[in-house]
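Written below as structure tokens is the structure these notes are about.
Every chain is numbered from 1, with letters handed out A, B, ... down the list of sequences. Please read all numbers here as calculations on a predicted model, not as lab measurements. These values consider heavy atoms only, across backbone and side chains, with no hydrogens, waters or symmetry-generated copies.
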Number of protein chains: 2
Amino acid sequence: MTSTQSDRPIQSAELDSQSLRVIRAVADGGSITAAANALGYSQPAISQTIGRLEKRLGMAVVVRSARGVRLTEAGEVLARHAATVLRALDAAADELSDLSGLRSGLVRVAAFPSASSTIVPRLLGNMTKEHPGVRFSYVEAEPPEAVQAVRDHAADLALTFSYPGDPDDPHLASTAGLTITPLWREQMLLVLPEAEAPTTSIDFADLAGADWIAGCARCRGHLVKTCSAHGFEPRLGFETDNVPAVMAMVAAGLGIALLPSLAMAGSPLPSGVTTRPPARDDYRTIHLVSAPGASRVPAIAATTTAIRALNVSSWGLETG
Amino acid sequence: MTSTQSDRPIQSAELDSQSLRVIRAVADGGSITAAANALGYSQPAISQTIGRLEKRLGMAVVVRSARGVRLTEAGEVLARHAATVLRALDAAADELSDLSGLRSGLVRVAAFPSASSTIVPRLLGNMTKEHPGVRFSYVEAEPPEAVQAVRDHAADLALTFSYPGDPDDPHLASTAGLTITPLWREQMLLVLPEAEAPTTSIDFADLAGADWIAGCARCRGHLVKTCSAHGFEPRLGFETDNVPAVMAMVAAGLGIALLPSLAMAGSPLPSGVTTRPPARDDYRTIHLVSAPGASRVPAIAATTTAIRALNVSSWGLETG
DNA sequence: TTCTCCCATAACTTCGCGTTATGTTTGCGA
DNA sequence: TCGCAAACATAACGCGAAGTTATGGGAGAA
């Protein structure tokens, strides 16, 4: 009584968006030739696409008509759902275009404190002016935490610094899978009362008797290391990572300090306080840390490019 | 300042449903390997599919993570729209399965009047019992109009008849593109008063002096042709294609008639009226007319199969 | 360190999906 | 009635997408 139907259910995997595009074009144009012209294909391409689809489905999708072709019920089903599918694909393509064209996207930046008032505002200002659709988040973090944030995918890009030869350099330990690019060398400056400042640079060895005001843990480590390289151990009286406080302490005659040049740019020197470079150049290095693949995310790639393009000479940074 | 983006907008043609399936599986499984297992592919297949997609889009869709992989913003966009796309594809596949599995579908049938009360009810009864989801429409139409309906795609299947040697046979003229299958031979019967009926069959030549009641135009043509083949021209007194009316006229002694056997099945003989077969077999042929490709529409194919499977012997039809 | 998990790559095969060239059918017009 | 034109199908072919297995390398965990 009943016919010998295969009765195999149609899997959605047997439907592809290209076939739906073709069906819709045929429905709109009324003929295979018209669809081919509309889609920019040759006539046999459409004919074969439909033929393959019908073979997969095991039923006719179009039937030849006097002039052109018309859809079967199955074809109508496909044409109806094609509208939904193709609308969604168009929407996705639009959003991807926005990401690709830097009209949308989010970049999560982390950087160390003295960058917060110097590099970061200029960077984000340039970027939002150039690409208003790109959004940024920013968290201030010391290098170890910043690196960890990138590792955890909590941040896309991190600006960090490291002192030469630092054994605790977070970039050395378990930075597996991260890309670390040196950006600039940042000059270290001695901060001291004007009265005690010589006219030119200062030899570290002359400072063996001074009281020192230390900064963050790793900065203090660098200070101790530098002093011991010059044959003495610094007398550390005060500790704070608050730069204006350090300067005020220097102004109050409580000691001298060794600060990176970005700290100067962020906080004006109090009167009576000045800076001098050490006789033997002292610097730390600023790095850009990113997860691999960051270059293949348009907004992040654009941000890294913008970072490299920053004019940083006014802050005492040297490209290197 | 800005980076060198290609900035080429993403075309929705660069997105295919397979990539979306893969993206969704990766999003769900959290790793490429898990997605491969879920989809039944090898791990490199998924890896390469994503790689090709990223190459087409010009941006990353996933980033390697500690354990497995995670989506970028672009990947999230795709995963979000993938839900819509795949839902629509599943819906389409379901509907196609219903069509394929004879749980839905519409078959438009046309047939000649005497089939309306015989063949067609039995056919549609069988079909709706066997396949409740399949819907039917039916229009009664004489063969020329029925053939035209199929040609115009106003009907999917038509039951028609033709008399042997009919020069106006609608199946001969402009049936291009239609499939015509002979189904059965239908016996023609003489309808006459019982009083005048011989016990066995009747030789046509003995009826030269009778008055005749004619049916439809083509039936009348057949009658005239048959009579002239036997050397006389029938005296046509009454014309109607109303079968009960013909029988009533015969019962009233107004003449005799030549009717196809299906007409008998549809209308009971009045008392005093009987039928006899002509001595030399007289028949017409019942055809199935369908548009090409009808066999590739499941519901229509099932209907044609059901037509062939009909038990029609009780109506005086012979397979041939 | 070593083991395990996961992803990428290489090398290869197959077939989907285009192309151009050509055939077939239908409807139309001289 | 006889080509002509229009539309779809088919053939033959090429390329690249998309799958496979085998293998390598990096990162986390015992």
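- Remark: side-chain polar atoms of A/T72 are paired, donor with acceptor, to backbone N or O of A/V61 under 3.5 angstrom.
- Take the nearest nucleotide of DNA chain C for B/V69 and for A/I46: the residue whose nucleotide is more 5' is B/V69.
- Note: B/L178 CG to B/S290 OG = 7.5 Å, rounded to the nearest 0.5 Å.
- Remark: P of C/dT25 and CZ of A/R64 are 9 Å apart, rounded to the nearest angstrom.
- A/R70 places its CZ atom 17 Å from the P atom of C/dT26, with the value rounded to the nearest Å.
- Following rounding to the nearest Å, B/R296 (CZ) and D/dA9 (C1') show an atom-to-atom distance of 12 Å.
- The salt bridge (charged side-chain N to carboxylate O under 4.0 Å, His left out) test applied to B/E54 returns A/R296, not counting sequence neighbours.
- Residues from residues 15-39 of chain B placing a heavy atom under 4.0 Å of any atom in DNA chain D, listed by number, are B/Q18.
- No donor-acceptor pair under 3.5 Å is formed between the side chain of B/S19 and the backbone N or O of B/L15.
- Contacts with DNA chain C (heavy atom under 4.0 Å) in residues 47-62 of chain B: B/S47, B/Q48, listed by number.
- When the salt bridge (charged side-chain N to carboxylate O under 4.0 Å, His left out) test is applied to B/R135, no partner is found at least two apart in sequence or on another chain.
- Rounded to an integer number of Å, the gap from B/Y41 OH to D/dA18 C1' is 9 Å.
- Under a 3.5 Å cut-off, the side chain of A/R56 and the backbone N or O of A/E14 do form a donor-acceptor pair.
- A donor-acceptor pair under 3.5 Å links the side-chain atoms of A/R103 to the main chain of A/S97, judged by distance alone.
- Listed pair A/S42 / C/dT19 meets the phosphate criterion, a side-chain N or O lying under 4.0 Å from OP1 or OP2.
- If you measure from atom CD of A/Q43 to atom C1' of D/dA11, you get 13 Å, rounded to the nearest angstrom.
- The phosphate of D/dG26 (OP1 or OP2) has no side-chain N or O of B/R67 nearer than 4.0 angstrom.
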Just distance, no hydrogens or angles: give the donor-acceptor pairs under 3.5 Å from side chains in residues 32-49 of chain A, sequence neighbours left out.
{"residue": "A/N37", "atom": "ND2", "partner": "A/T33", "partner atom": "O", "Å": "3.4"}
{"residue": "A/Y41", "atom": "OH", "partner": "A/Q18", "partner atom": "NE2", "Å": "3.4"}
{"residue": "A/Q48", "atom": "NE2", "partner": "A/P44", "partner atom": "O", "Å": "3.3"}
{"residue": "A/T49", "atom": "OG1", "partner": "A/A45", "partner atom": "O", "Å": "2.8"}
{"residue": "A/T49", "atom": "OG1", "partner": "A/R52", "partner atom": "NH2", "Å": "3.2"}

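- Under the salt bridge (charged side-chain N to carboxylate O under 4.0 Å, His left out) criterion, A/R64 pairs with no residue, sequence neighbours left out.
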